[in-house]
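Since the structure comes first, as structure tokens, the remarks are kept for the end.
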Amino acid sequence: MSVPSASPAAVAASQPVRTPVSSPVSPSVSTPVSPPVSPSVSTPVSTPTQADLLDFVRRTAADADLIASLPLDPEGRTWVRLEGPGGSEAWLIGWPPGTGTGWHDHAESVGAFVTAAGELKENSLAVRLPADGWKTLELTDDVDRARRLPAGKGRSFGRHHVHEVLNESADQHAISVHAYYPPLPQIRRFSRSGPILRLEQVERPEDWQ
């Protein structure tokens, strides 16, 4: 979010543009757009796993027509809801230069994302944060992880994954595909100053629908 929720079905292209408070991985300034038809996927016979989600986002990111159809805004991120496998929540997101999600987690959901165009950077924490009862934490020196994800590269992650996603380019948009299962029940957003992580707010689906 570092990156930006209705029902799992893709939003019809004829629907009017809606402006949510924030998307599941989005910063405060973002522009939702009406989506093209989602890529068709077969219905799995069981709950989608991290591997299923990663396969879906890889195949979707390889759909050149879909990626090219996403309108890009120089002032803020754009996104459309996609139909993910097995009732998962999926998004196609455009990232202007210099934008990012800020630090956040995904509660009990597992997920995956792949860069379809440009390059993204993910900073993450190799530690599970307490579920509640805290406002600030001091992180140890060995929990930070970073990876660069050029077009075609991505990752999956488990429950309680904490990260931020960034487009550090000075002049190039990035586009990525994300999927989560179960659909995100909440997102905790954090600020960070050195080793100090502070819980700033908790968002729920009604905040970004």
Side-chain angles (χ1 to χ4, degrees), residues 1-13 20 22-26 32 34-67 69-70 77-95 101 104-117 120 122 124-126 128-129 131 145 147 149 151-165 174-189 202-209:
M1 202 40 69
S2 18
V3 79
S5 303
S7 67
V11 179
S22 119
S23 82
V25 290
S26 67
S34 295
V37 176
S38 301
S40 61
V41 294
S42 59
T43 303
V45 295
S46 60
T47 297
T49 64
Q50 292 181 48
D52 294 329
L53 297 178
L54 185 58
D55 177 68
F56 168 78
V57 295
R58 280 176 172 162
R59 289 187 291 107
T60 304
D63 185 337
D65 290 338
L66 176 67
I67 301 309
S69 72
L70 178 67
R77 291 195 300 153
T78 52
W79 66 88
V80 295
R81 183 74 179 262
L82 303 175
E83 183 178 352
S88 60
E89 178 177 342
W91 299 88
L92 177 64
I93 300 176
W95 308 68
T101 61
H104 64 281
D105 68 4
H106 311 88
E108 296 290 333
S109 298
V110 300
F113 69 100
V114 166
T115 304
L120 294 173
E122 182 199 38
S124 61
L125 298 179
R128 177 171 173 173
L129 302 181
R145 304 289 185 270
R147 67 179 72 194
L149 301 169
K153 299 297 184 181
R155 65 159 302 171
S156 63
F157 52 83
R159 294 173 174 82
H160 310 288
H161 183 62
V162 180
H163 71 172
E164 64 172 355
V165 181
I175 299 175
S176 58
V177 183
H178 303 244
Y180 310 94
Y181 188 86
L184 294 166
Q186 69 174 36
I187 295 173
R188 293 188 298 180
R189 294 196 176 275
V202 178
E203 294 179 3
R204 303 188 185 279
E206 56 267 26
D207 297 321
W208 61 72
Q209 287 181 6

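Values below: every heavy atom of this structure, side chains too, minus hydrogens, waters and symmetry copies.
Every side-chain contact (heavy atoms from CB on, under 4.5 Å) that Ala107 has, sequence neighbours left out, goes to Pro185, Gln186. Ser156 is linked by a side-chain contact (heavy atoms from CB on, under 4.5 Å) to Gln50, Leu54, Ala112, counting only residues two or more places apart in sequence or in another chain. Residues forming a salt bridge (charged side-chain N to carboxylate O under 4.0 Å, His left out) with Arg128 (at least two apart in sequence, or on another chain): none. Arg159 is linked by a salt bridge (charged side-chain N to carboxylate O under 4.0 Å, His left out) to Glu108, counting only residues two or more places apart in sequence or in another chain. With sequence neighbours excluded, no residue satisfies ring-ring contact (aromatic ring centres under 6.0 Å, His included) with His160. Partners of Arg58 under the salt bridge (charged side-chain N to carboxylate O under 4.0 Å, His left out) rule, at least two apart in sequence or in another chain, do not exist in this structure.
Of all heavy-atom pairs between Phe56 and Ala179, the closest is CD2-CB, 4.1 Å. Here the closest non-hydrogen pair linking Trp79 and Ile93 is CB-CG1, 3.9 Å. Among all heavy-atom pairs drawn from Ala174 and Leu120, the shortest one is CB-CD2, 3.7 Å. Here the closest heavy-atom approach between residue Ala116 and residue Ile67 is recorded as CB-CD1, 3.7 Å. Taking both residues in full, the closest heavy atoms of Trp91 and Leu82 are given as C-CD1, 4.1 Å, listed atom of the first, atom of the second, then distance. Taking both residues in full, the closest heavy atoms of Arg188 and Val202 are given as CG-CG2, 4.0 Å, listed atom of the first, atom of the second, then distance.
One finds the CG atom of Asp105 at 9.0 Å from the NE2 atom of His163 (value rounded to the nearest 0.5 Å). Between the CG atom in Asp52 and the OH atom in Tyr181 there is a gap of 11.0 Å [rounded to 0.5 Å]. Note that NE2 of His104 is 8.5 Å distant from CG of Leu184, once rounded to the nearest 0.5 Å. In this structure, the separation between OG on Ser88 and OH on Tyr180 is 11.0 Å, given to the nearest 0.5 Å. Atom CG of Leu70 and atom OG1 of Thr78 lie 4.0 Å apart (nearest 0.5 Å). Rounding to the nearest 0.5 Å places CZ of Arg81 at 4.5 Å from CD of Glu89.
Using a 4.5 Å cut-off on side-chain heavy atoms (C-beta onward), Ser124 and Arg155 make contact. The closest side-chain heavy-atom distance from Leu66 to Thr60 is below 4.5 Å. Thr49 is not listed as a side-chain neighbour of Val110, based on a closest heavy-atom distance of 4.5 Å or more.
A salt bridge links Asp55 with Arg59: the closest approach of a Lys/Arg side-chain nitrogen to an acidic carboxylate oxygen falls below 4.0 angstrom.
Between His161 and His106, the angle of the ring planes stays under 30°, which puts this pair in the parallel group of the 30/60° scheme.
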